[in-house]
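This is a predicted model, so every value here is computed, not measured. Residue numbers start at 1 and run along the sequence shown. Only heavy atoms go into these numbers, but all of them, side chains included; no hydrogens, no water, no symmetry mates.
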Amino acid sequence: MPDRSAEARALVRAAVADHADAWDAEGAVPIEVLRGLGKAGVLCAQVDSEFGGLGLTSLDNGELTAFAGALCSSTRSVMTSQGMAAWSIRRLGSRAQRREHLSELVAGRLAAVAMSEPGAGSDLAAMSTRIRPDGDTVVIDGRKRWTTAAVSSDVLVVFGQFGDGGAAVLVPTDTPGVRLDPVRAPMGCRAAGHAHIDLDGVRVPAANILGGGGPPLSFLVTAALAYGRFSVAWGCVGILRACLAAAAEHAHTREQFGVPLDQHQLVARHIAELYVSEQAATRACEHASRCWDANSPEVVAATVLAKYTSARHAAAGAASAMQVLASAGADDHGVVARAFRDAKLMEIIEGSNEICQVMLADHAIKTSGSDTVEGLAS
């Protein structure tokens with residue numbers, strides 16, 4: 001039986017090769033590369049085989065995501081976007097919608113998820129985008145900001161207010177009234193195709209609403225964010241692995257005062273801290289993936305913990321790697337320079353560090369009662 005996760009990693013390696021710097025400078029991953037990975041099912045590798053997907057477990061998909069993140073965070077960002085779209089369809093869509101649209105997402109159709117707005121970042125319940133029924137169609141009006149992979153996408157999963165609840169609706173990007181404004185030279189993940197989106201009187205069939213709409217908007221958004229946080233967390237593992245490899249190699253081959261840098265204890269400390277960061281992030285992500293695969297009730301807290309741990313370590317780890325490389329890392333190219341820019345964004349997207357801390361504190365307070373204290377005392 002073929003090892004689909006190994007085959008997927010080979011496809012990513014062949015597609016990215018040594019192009020990450022060039023794509024970063026040009027501000028785009030070539031569309032033919034993305035379509036090729038999409039047709040191979042790599043961009044949303046957890047889609048079940050019954051829909052034509054690879055059907056990877058969360059753990060295997062996580063390692064694939066980390067592998068991509070180590071090579072090119074922009075490519076990994078597109079994987080996160082496509083995976084969020086697929087997960088939203090899987091969680092919120094009807095059986096017919098899953099059969100139709102998941103099959104398309106593993107056949108080369110590219111998707112993005114439009115959630116953030118000028119007045120709704122972490123507070124996504126404050127969305128002002130409106131989705132209103134009009135006969136057998138719905139009309140969408142709103143403004144979305146920082147939508148990853150929108151530039152290359154064929155379809156958007158747009159979240160918004162729908163009556164007294166919320167809805168997620170599939171909107172082809174060539175629909176009249178959809179206007180994309182690419183973000184020029186973002187700080188990180190420069191080739192991921194970020195865009196601001198204006199939706200003015202956009203009309204699509206009512207059948208494009210996933211599951212018919214109506215549930216609370218917070219419930220709908222949480223479904224998409226769960227996958228996004230998981231994917232970003234594993235992507236940060238990839239950033240740490242790339243930084244560790246680059247810093248260790250440089251410290252071992254660069255000499256100062258007659259000995260390699262890694263023989264200087266203060267430099268060796270950076271390497272040790274990078275190793276600890278990579279291991280801590282990996283273990284947190286593995287735990288979250290196992291909870292995901294087991295459908296554990298702990299999956300929400302485990303995923304937030306993995307995202308917070310991995311993003312925090314990735315930002316600190318990239319800074320440590322930059323310190324080790326010193327002037328060799330000062331040019332705005334190369335794996336460490338890209339990681340230094342990319343990792344900071346990971347502390348902001350899919351729930352900032354502060355939002356994650358609030359969620360984790362709430363979880364700890366609710367689950368750490370007197371029984372826990374008595375158990376520790378005994």
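- Residue Gln279 places its CD atom among more than 12 non-hydrogen atoms of other residues, nucleotides or ligands, all under 6.0 Å distant.
- Residues Tyr227 and Phe219 are members of one and the same hydrophobic cluster, defined by side-chain heavy-atom contacts under 4.5 angstrom among Ile, Leu, Val, Met, Phe, Trp and Tyr.
- Between Arg283 and Glu286 there is a salt bridge, since at least one side-chain N of the basic residue sits less than 4.0 Å from a carboxylate O of the acidic one.
- More than 12 non-hydrogen atoms from other residues, nucleotides or ligands lie less than 6.0 angstrom from NE2 of His264.
- Salt-bridge annotation for Arg143 and Asp200: present, with a side-chain N of the basic residue lying under 4.0 Å from a carboxylate O of the acidic one.
- The heavy-atom pair separating Met79 from Ala68 by the smallest distance is SD-CB, 3.5 Å.
- Checking Arg229 against Thr303 by side-chain atom types alone, no donor-acceptor pair falls below 3.5 Å.
- The minimum heavy-atom distance linking Ile131 with Val158 is given by the pair CD1-O, 4.1 Å.
- A distance-only check finds a donor-acceptor pair linking the side chain of Arg338 to the backbone of Leu71 [under 3.5 Å].
- With hydrogens and angles ignored, the 3.5 Å screen pairs no side-chain donor or acceptor of Lys307 with any backbone N or O of Gly228.
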Problem set entry | Stepwise salt bridge (Lys or Arg N to Asp or Glu O under 4.0 Å) test for Arg98 and Asp48 | CA-CA 10 Å; Arg98 292 197 298 272; Asp48 294 334; over 6 Å; no
Problem set entry | Test log, rule side-chain contact (heavy atoms from CB on, under 4.5 Å), inputs Asn208 and Val138 | CA-CA 9 Å; Asn208 285 24; Val138 291; 5.9 Å; no
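- Taking the charged nitrogens against the carboxylate oxygens, Glu50 and Arg90 have no contact shorter than 4.0 Å, which rules out a salt bridge.
- Here the side chain of Gln97 pairs no donor or acceptor atom with the backbone of Ile89 at under 3.5 angstrom.
- Checked against Phe230 for a side chain to side chain contact (heavy atoms under 4.5 Å, CB included), the options Met84, Gln46, Glu350 give a single hit: Gln46.
- A salt bridge is defined here as a Lys NZ or Arg NE, NH1 or NH2 lying under 4.0 Å from an Asp or Glu carboxylate O, and Arg35 with Asp154 meets this definition.
- Using a 4.0 Å cut-off between charged nitrogen and carboxylate oxygen, Asp60 and Arg4 do not count as a salt-bridge pair.
- Within 6.0 Å of CZ on Arg91 lie no more than 12 heavy atoms contributed by other residues, nucleotides or ligands.
- With His250 contributing its side chain and Ala328 its backbone, the two residues share no donor-acceptor pair below 3.5 Å.
- Using modelled atom types, no side-chain atom of Asp141 and backbone atom of Arg130 make a donor-acceptor pair closer than 3.5 Å.
- Nearest heavy-atom pair across Leu54 and Gly41 is CD1-O, 3.8 Å.
- Shown here is Asp174, whose CG atom has more than 12 heavy atoms of other residues, nucleotides or ligands within 6.0 Å.
- A donor-acceptor contact shorter than 3.5 Å is absent between the side chain of Thr65 and the backbone of Ser231.
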Show the atom names and distances, to 0.1 Å, of all donor-acceptor pairs under 3.5 Å that link a side chain in residues 107-120 to residues at least two apart or in another chain.
residue	atom	partner	partner atom	Å
Arg109	NH1	Glu104	OE1	3.0
Glu117	OE1	Ser128	N	2.7
Glu117	OE1	Ser128	OG	3.1
Glu117	OE2	Thr129	N	3.2
Glu117	OE2	Thr129	OG1	2.6
Glu117	OE2	Lys144	NZ	2.8

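- Note on Val299 and Leu305: separate hydrophobic clusters, where clusters join Ile, Leu, Val, Met, Phe, Trp and Tyr whose side-chain heavy atoms are under 4.5 Å apart, directly or indirectly.
- Side-chain heavy atoms closer than 4.5 Å link hydrophobic residues (I, L, V, M, F, W, Y) into clusters, and following such links, even through other members, never connects Leu225 to Met346.
- In this structure a side-chain-to-backbone donor-acceptor pair under 3.5 Å is present from Thr173 to Ser153.
- Checked by atom type, the side-chain pair Arg99/Ser103 shows no donor-acceptor distance below 3.5 Å.
- Taking each heavy atom of Ala311 and Glu347 in turn, the nearest pair found is O-CG, 3.6 Å.
- Taking a cutoff of 4.0 Å between a charged side-chain nitrogen and a carboxylate oxygen, Asp18 and Arg13 do not qualify as a salt bridge.
- The environment of Gln265 atom CD is sparse: at most 12 non-hydrogen atoms of other residues, nucleotides or ligands sit within 6.0 angstrom.
- Ring centroid separation for the pair Trp234 and Trp292 does not come in under the 6.0 Å cut-off.
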For this session: Dump the intermediate steps for side-chain contact (heavy atoms from CB on, under 4.5 Å) on Thr175 and Val204, then the final yes or no.
Result: CA-CA 8 Å; Thr175 305; Val204 297; 4.2 Å; yes
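- Annotation for Gln357: atom CD counts as buried by contact number, over 12 foreign heavy atoms lying within 6.0 Å.
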For this session: I would like to know whether Glu7 and Asp3 meet side-chain contact (heavy atoms from CB on, under 4.5 Å); could you show each step before the answer?
Result: CA-CA 6 Å; Glu7 291 177 353; Asp3 183 344; 5.6 Å; no
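- With hydrogens and angles ignored, the 3.5 Å screen pairs no side-chain donor or acceptor of Glu298 with any backbone N or O of Cys291.
- Listed here is the closest heavy atom pair of Ala251 and Ile271: CB-CD1, 4.3 Å.
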Problem set entry | Derivation and outcome, side-chain contact (heavy atoms from CB on, under 4.5 Å), residues His194 and Cys189 | CA-CA 9 Å; His194 309 291; Cys189 299; 3.9 Å; yes
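- Nearest approach of Ala150 to Leu180, heavy atoms of both residues: O-CD1, 3.5 Å.
- Within a 6.0 Å sphere centred on CG of Asp134, other residues, nucleotides and ligands contribute more than 12 heavy atoms.
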Exercise. Step by step, would you call Glu63 with Arg241 a salt bridge (Lys or Arg N to Asp or Glu O under 4.0 Å)?
Worked result: CA-CA 12 Å; Glu63 283 291 349; Arg241 289 174 181 173; 3.0 Å; yes
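- Taking CD from Glu32 and CG from Leu37, the interatomic distance works out to 11.0 Å, rounded to the nearest 0.5 Å.
- For CZ of Phe340, the number of neighbouring non-hydrogen atoms (other residues, nucleotides, ligands) closer than 6.0 Å is 12 at most.
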